Every structure is written in C-alpha cells, then in structure tokens.
Protein chains: 2
Amino acid sequence: MARAGLTPERLTLAGVELADEVGLDQVTVSALARRFDVKVASLYSHLKSSQDLKTRIALFALEELADRVAAALAGRAGKDALAAFGNAYRDYAREHPGRYAAAQLRLDTETAAASAGVRHAQMTRAILRGYDLPEPDQTHAVRMLGSVFHGYVSLEMAGGFSHTAVDSQQSWEWTLDSLDALLRSQAGS
Amino acid sequence: MARAGLTPERLTLAGVELADEVGLDQVTVSALARRFDVKVASLYSHLKSSQDLKTRIALFALEELADRVAAALAGRAGKDALAAFGNAYRDYAREHPGRYAAAQLRLDTETAAASAGVRHAQMTRAILRGYDLPEPDQTHAVRMLGSVFHGYVSLEMAGGFSHTAVDSQQSWEWTLDSLDALLRSQAGS
DNA sequence: CCAATTTGCCTAAGTGACTTAGGCAAATGC
DNA sequence: GCATTTGCCTAAGTCACTTAGGCAAATTGG
C-alpha cells in the first residue's frame, strides 16, 4: 500500500480549494479523505480534528488576503488606498468565496491574536493616514470602514443586490466615493 | 403514552429560543426532541427536515425584526429615523444573537421573496425619504446603509471591536452621525 | 546493507445527527 | 360506539467525527 504523502499543509490547501469549489460547509474530513483516496481515520495523524482543519483554512485565507491587500496598498494613499483596500477585499471574496467565508470564521482569542487578522487591522488604520484623523475618530473610522467593506461584500455575495436593476458595481463605486468624501470632511476635526 | 402537543409553530418557537441560548448551529432536530422529551423521528411529522426547521426559524426572526424596525421607525424622519433603524437592528442582534444569525441564513429565491425580507428593503428605502436622494443614488444609499448596519453588527458580535480601549457605543454613534452627514450632503445632488 | 525505529495509513468500533418506513394508540368525528 | 385520522413510537439505514490499535513502508544509524 503506497503512501499518499499527506501533510497538514497539503490537507489545508486541498481544503481551501474544496471550500471555493463546493462551499466551506461541505469541507469535511470525509470529503478530504475521498479527494486523497484515503481512509478518513488516516487524516487524524495530520489534523487534530475537523475544527482544526477549519481553523487552518481560516488562517490560510486570512494570510493570503492580507498579502493581497498589502500588495494593493503599496505606494498608494488617500482615496487610491481606500479603493485599493476595498477592491482587494471584494475581489478576493468574489474569486474565492469559500476562502472568504473561512476568513470570517470565529477563532479563539489566542489563535486570532497570532493570525494575520492583526495585519488587517494595521492596514485598515494605515489607509486613514492620508486623512489625518485625530483619535478617537480614527478608531471609529476603522470600525466603520471595516463594517462597510465586510457588510457590502457579505450582502453582495448573499445575492442581496441582485434583485434591483441598478448595477452593483455602480453602488460599490458610489460607496467608495462617499467614504472618501466622508473621511475628507472629517479630516483634522 | 401521552401526547406532547407538537406543532410546527411550537417547534419553531422552541428552536428560536434554543438558538439564542446555545447558538444557531446547536439548534438541531435532535436537541429539539430532547427539549420536548420526545423521540427524534416524531418531529418529522411536523417538520420536513432539519433545513425546514432552520428556514422556519429564519422566517420568524425576519418577521420579528421587521416588526421591531417598523415600530421604531413610526413617526420618525431624517436622522431620527436613521438612528432608530440602526438601533433596532443592533439591539435585536445583541438581545437575540441566535435569531439575528438565523435572519442572515440564505433562503432560496421564492422563500426569500415571500419573507419579511421584502419589508426590510422597503423600510430601508423609507428612511431615505427624508434625504431626498434621486435615483440611482437612492439605491446606492440603500445598499450602503444595509452594508454598514449589517457589517457593524456582525463585527461587533464577533468580538471584533473589543480589543481596543475605545467604546463601541461611541463608534456606533459616530457612524450614525457620519451616515447622516453623508446623506444630507448628497441630498438633491 | 541490514536492523531498529519511526512514521503513515489501515481496520475496527463507538458516537451522534439526519431521515424514511411502518405500527399502535390516542384523539376526533360521525 | 365505531371508524378515521393524527401523533408519537420502534426499527433501520445513511453519513460525519473520532479514538485505539496494528501492520508495513520509510528512515536512521550502526
């Protein structure tokens, strides 16, 4: 009986792909075993549990998304940076719905603290550098931006914007313009 | 063997309560059977499936939330209406996390069309009456408001705002103020 | 290069949730 | 009071998760 060459990394990667293909909740230890043509129990040498698998997928997605956002932000400021951030977020969700869903999984406190989630928070704050907001307004703005981006992407993915004639892309651009105007009007206040 | 008096309505209500107590994903046909001290299979006379149960809970939550929002909006306009809407939404999520989660479940197209989700959309649009926005800006604004409220509440419930000293209530009020200012500045444009 | 050890995948077995089929008894209605 | 309907039951099959223990392949080190 030849070995399949399983590792936590390969399993995570396969799980990530599976999530985009069939949805995060269809990513199961059993489905993964089928994909590798291996018995389910064999995966437990590499994964602590089904929860462990999900967590690894979430961490992978957070990291990948943070990398993309960082690349998109490089060398940009002000509205450019705002749009780059939002677009990176939205594009990732559209290209990789399963990964995006995984990135929203609730992690326990210590795992979250060690995750790329921290980079996300830092980058959101970095966008605001161009707008010169004093504290605590800066924190308020970070929260509002996070809310808008996360909310918009979630609702759009859930199909919430597909029952009106108005193009979602237009609404997205209007939203980015509005946020920029809002932040500029708050600058230095 | 005395009868337990099960009905779809009683089961849905129990499921709703269970969702708030232990989380929506712990709401299972089996858990419900235990709560009524009845065998699992007995529930299948009243529910088509586990999915059916979840859908009923979602519809209940959507309806209840729409009622609350409608009550909060009555007689208000402009910023008052905006804040009432947002607060109704946020308060519901805080008081009833399980129901709020259920209200986010994705329903199939026809079920969604027959649900109170339609009322939600109408009420969001009603808020904007006071701001006198032309189309398509009104649609853009509806989408943005929905995104902010849904996003803020989701992130707050997920604990995303609890790692900074700044009070979440302050950020919420700042966000409402900002949205009001934004909409006013767009009026009639 | 062979022996000892470690590693990787296996079989076996138990848990818990979902679902269908078919039966008996309680409630209902004539 | 009897027939019918209704409500909950037992039985049985599916599928996912998880642990324990075993055998064989890979690795290591003499």
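Just so you know, these numbers come straight off a predicted model, no measurement behind them. Lettering of chains follows the sequences in order, A, B, ..., and the numbering in each one begins at 1. The figures here come from the full heavy-atom set of this structure, side chains too, leaving out hydrogens, waters and symmetry mates.
In the helix from C/dC1-D/dG30 to C/dC30-D/dG1, the terminal helix axes, each the rotation mapping four pairs' C1' atoms onto the next four within five end pairs, subtend 10°, rounded to 10°.
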Set out, line by line, the N/O atom pairs under 3.5 Å between protein and nucleotides 17-19 of chain C.
residue	atom	partner	partner atom	Å
C/dA17	OP1	B/R34	NH2	3.4
C/dA17	OP2	B/R34	NH1	3.4
C/dA17	O3'	B/T28	OG1	3.3
C/dC18	OP1	B/T28	OG1	3.4
C/dC18	OP1	B/S50	OG	3.3
C/dC18	OP2	B/T28	OG1	2.7
C/dC18	OP2	B/V29	N	3.2
C/dC18	OP2	B/S30	N	3.0
C/dC18	OP2	B/S30	OG	3.0
C/dT19	OP2	B/Y44	OH	2.9
C/dT19	OP2	B/S50	N	2.5

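Residue pairs satisfying the ring pair (Phe, Tyr, Trp, His ring centres under 6.0 Å) criterion with at least one member in residues 52-87 of chain A, sequence neighbours excluded, are listed as follows: A/F85-A/F149. Sorted by first and then second residue, the side chain to side chain donor-acceptor pair (under 3.5 Å) pairs involving residues 26-49 of chain A (not counting sequence neighbours) are A/E21-A/R35. Residue pairs meeting the side chain to side chain donor-acceptor pair (under 3.5 Å) criterion with at least one member in residues 155-181 of chain B, sequence neighbours excluded: A/D137-B/W174, A/H140-B/S171, A/R143-B/S171, B/K79-B/D177, B/N87-B/W172, B/R90-B/E156, B/R90-B/Q169, B/R94-B/E156, B/Y131-B/D180, B/Y152-B/S168, B/E156-B/S168, B/Q169-B/E173, B/D180-B/R184.
Through chains of ILVMFWY side-chain contacts below 4.5 Å, B/L59 is grouped with B/L62, B/L107.
Within residues 5-26 of chain B, the residues having any heavy atom closer than 4.0 Å to DNA chain D are, in order of number, B/G5, B/L6.
Contacts of B/R125 classified as salt bridge (charged side-chain N to carboxylate O under 4.0 Å, His left out), with partners at least two apart in sequence or in another chain: B/E135. Among residues two or more places apart in sequence or in another chain, the salt bridge (charged side-chain N to carboxylate O under 4.0 Å, His left out) test is passed with A/D67 by A/R119. Partners of A/D52 under the side-chain hydrogen bond (donor to acceptor under 3.5 Å, both in side chains) rule, at least two apart in sequence or in another chain, are A/R56. In this view, A/E17 satisfies the side-chain hydrogen bond (donor to acceptor under 3.5 Å, both in side chains) rule with no residue, not counting sequence neighbours. Residues that satisfy the side-chain contact (heavy atoms from CB on, under 4.5 Å) test with B/A81, not counting sequence neighbours, are B/L73, B/R76.
The side chain of B/S42 places an N or O atom within less than 4.0 Å of a non-bridging phosphate oxygen (OP1 or OP2) of D/dC9.
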